[in-house]
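A short write-up of the structure that comes next.
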Amino acid sequence: MVGSIVAASDVARDDLVTIRDWLRYSVSRFNAARLSYGHGTATALDEAAYLILSALDLPIDALEPWLDARLTRDERARIADLIEQRITTRKPAPYLLHKAWIGAHSFYVDERVIVPRSYIGELLRDGLSSVVADDRPPARILDLCTGSGCLAILAALAFPGAHVDASDLSQDALDVATTNVADYGLDARISLIRSDLFAELAAARYDLIIANPPYVAAAEMAAFPPEYRHEPSIAHAGGPDGLDLVRRILKAAPDHLAPTGQLVVEIGTGRELLEAEFPSL
């Protein structure tokens, strides 16, 4: 008698019928595989919900109404395939789905750019109110290290009267940003520039500069789980203590800020080091 091996995903397609079934199954599989998170989700449950709802083109912030919905065979096959890919490749879910979210806004992503996740994106929801005065919105904005273009787009949406320059050293990243800028219909208001920080910006001055630069220390990068290794290393590598590019930005920014301009930079875990090194800030 010849035995046969049936893949777990094949059994799942027949035995699991509702979104609730698939959610439980996904969480169990993800926990058993000891996956890592941090690309828009923090737990196996959040990751499973995001993957399943996105695969079905359902709102990702409303799981409860759909839990007992029965799925077609094609839908089950799609979800089973994504679960297997997530486990076997260890790619973050946004790369498998080619979609990442900051708040209510989604962006195209692939492995040419880091998966968007920035505190600046959250602060832009209320127009950076702790930095930008209501009666003086910025007319010219610069987004350094733009990556997928997500922060440049959010800035343009938050300040509809502004023009945004968005720069990045990586042409691959700018190609992805081009897609996102076009998707939002912002081609006339966002200029994408290939530049090593300020190098190609001449004497331009800005009312607001935002930057989410690479700021991961070398030792932290060496300890990355597989999920983070799928992202371009250029988007993480900040030198021995993670602050090489941050220092360059802080030193050069005064030459590119308008007299009342503001600079907002995400710096990771380097606050104490920077406060000691730049006591006048």
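Between Leu263 and Ile249 there is a side-chain heavy-atom pair separated by less than 4.5 Å. Side-chain contact check for Leu23 versus Ile52: some heavy-atom pair is nearer than 4.5 Å. Here the side chains of Met221 and Arg229 are not in contact, with every heavy-atom distance at 4.5 Å or above. Inter-residue side-chain proximity for Leu250 and Phe278 is flagged as met; some heavy-atom pair is nearer than 4.5 Å. Within the 4.5 Å cutoff, side-chain heavy atoms of Phe159 are placed close to those of Val132. Residues Arg86 and Leu35 form a side-chain contact, since some pair of their non-hydrogen atoms from C-beta on lies under 4.5 Å apart. You'll find the side chain of Leu208 stays beyond 4.5 Å of the side chain of Leu142, heavy atoms only. No side-chain heavy atom of Arg20 sits under 4.5 Å from any side-chain heavy atom of Leu63.
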(message) Please determine whether side chain to side chain contact (heavy atoms under 4.5 Å, CB included) holds for the pair Val109 and His98, giving the CA-CA distance in whole Å, both sets of side-chain angles, and the decisive distance to 0.1 Å.
(response) CA-CA 5 Å; Val109 294; His98 295 303; 5.5 Å; no
(request) Take Thr18 and Leu71 through the side chain to side chain contact (heavy atoms under 4.5 Å, CB included) test and state the conclusion after the steps. (result) CA-CA 6 Å; Thr18 67; Leu71 305 181; over 6 Å; no
(request) Walk me through it: do Ser28 and Asn31 pass the test side-chain hydrogen bond (donor to acceptor under 3.5 Å, both in side chains)? (result) CA-CA 5 Å; Ser28 294; Asn31 283 337; over 6 Å; no
(request) For Leu97 and Leu82, run side chain to side chain contact (heavy atoms under 4.5 Å, CB included): C-alpha distance rounded to whole Å, both residues' side-chain angles, the deciding distance at 0.1 Å, then the answer. (result) CA-CA 9 Å; Leu97 298 162; Leu82 285 169; 3.9 Å; yes
(message) Set out, in order, the CA-CA distance, both residues' side-chain angles and the distance that settles side-chain hydrogen bond (donor to acceptor under 3.5 Å, both in side chains) for Asp175 and Thr178, then state yes or no.
(response) CA-CA 5 Å; Asp175 290 342; Thr178 298; 5.1 Å; no
(message) Run Leu144 and Asp168 through side chain to side chain contact (heavy atoms under 4.5 Å, CB included) and show every step you take.
(response) CA-CA 6 Å; Leu144 290 171; Asp168 204 289; over 6 Å; no
(request) Verify side-chain hydrogen bond (donor to acceptor under 3.5 Å, both in side chains) between Asp165 and Tyr206, making sure each step is shown before the conclusion. (result) CA-CA 9 Å; Asp165 287 343; Tyr206 300 91; 2.7 Å; yes
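Ala217 and Pro240 get closest at one heavy-atom pair: CB-O, 3.4 Å. For the residue pair Ser195 and Leu197, the shortest heavy atom distance occurs at OG-O, 2.8 Å. Summarising the geometry of Val164 relative to Ala152, their closest heavy-atom pair is CG1-CB, 3.9 Å, with the distance given to 0.1 Å. When all heavy atoms are compared, the tightest approach of Phe30 to Leu51 is CZ-CD1, 4.4 Å. Shown here for Pro116 and Cys150, the closest heavy-atom pair between the two residues is CB-SG, 3.7 Å. The two residues Ile210 and Ala155 come nearest to each other via the heavy atoms CD1-CB, 4.2 Å.
The residues Glu231 and Arg117 are annotated as salt-bridged, a charged nitrogen and a carboxylate oxygen being separated by less than 4.0 angstrom. The residues Lys99 and Asp57 are annotated as not salt-bridged, no charged nitrogen and carboxylate oxygen being separated by less than 4.0 angstrom. With respect to the salt-bridge test (charged N to carboxylate O, under 4.0 angstrom), the residues Arg247 and Glu277 qualify. Salt bridge annotation for Asp196-Arg248: present, with a cationic side-chain nitrogen under 4.0 angstrom from a carboxylate oxygen.
Clustering ILVMFWY residues whenever any of their side-chain heavy atoms sit less than 4.5 angstrom apart, transitively, puts Val246 in the very cluster that holds Leu257. Residues Leu281 and Tyr119 fall into different hydrophobic clusters, defined by Ile, Leu, Val, Met, Phe, Trp and Tyr side chains chained together at heavy-atom separations under 4.5 Å. Hydrophobic clustering, with ILVMFWY side chains joined whenever heavy atoms are under 4.5 angstrom apart, groups Ile87 together with Val27. Under the 4.5 Å side-chain heavy-atom criterion for Ile, Leu, Val, Met, Phe, Trp and Tyr, Tyr25 and Ile79 are members of the same hydrophobic cluster. Transitive grouping of hydrophobic side chains (ILVMFWY, heavy atoms separated by less than 4.5 Å) keeps Tyr108 and Leu53 in distinct clusters.
At least one donor-acceptor pair closer than 3.5 Å links the side chain of His230 to the backbone N or O of Thr89. Remark: side-chain polar atoms of Asn180 are not paired, donor with acceptor, to backbone N or O of Phe107 under 3.5 angstrom. For the pair Arg112 (side chain) and Leu174 (backbone), a donor-acceptor distance under 3.5 Å is absent. In terms of modelled atom types and a separation under 3.5 Å, the side chain of His163 and the main chain of Arg140 share no donor-acceptor contact. A distance-only check finds a donor-acceptor pair linking the side chain of Trp22 to the backbone of Leu16 [under 3.5 Å]. When atom types are taken as modelled, the side chain of Glu75 and the backbone of Thr72 share a donor-acceptor pair closer than 3.5 angstrom. In terms of modelled atom types and a separation under 3.5 Å, the side chain of Asp21 and the main chain of Val17 share a donor-acceptor contact. The closest donor-acceptor contact from the side chain of Thr146 to the backbone of Ala166 lies at 3.5 Å or more, if one exists at all. Between the side chain of Arg189 and the backbone N or O of Ala162, at least one donor-acceptor pair lies under 3.5 Å.
Under the 6.0 Å cut-off for aromatic ring centres, His39 and Tyr228 qualify, their centroids lying closer than that.
Counting non-hydrogen atoms of neighbouring residues, nucleotides and ligands closer than 6.0 angstrom, the CD atom of Glu275 exceeds 12 such neighbours. Asp126 CG: more than 12 foreign heavy atoms inside a 6.0 Å radius.
A side-chain donor from one of Thr41 and Glu47 sits under 3.5 Å from a side-chain acceptor of the other. No hydrogens or angles considered: a donor-acceptor pair under 3.5 Å links the side chains of Tyr215 and Glu266.
Here Ile190 contributes atom CD1 and Leu157 contributes atom CG; the two are 7.5 Å apart, rounded to the nearest 0.5 Å. The distance from the CG atom of Asn212 to the CD1 atom of Ile114 is 7.0 Å, given to the nearest 0.5 Å. Rounded to the nearest 0.5 angstrom, Leu151 CG and Ser118 OG are separated by 4.5 Å.
A perpendicular orientation is assigned to the rings of His236 and Phe224, their planes being inclined by more than 60° (bins at 30° and 60°).
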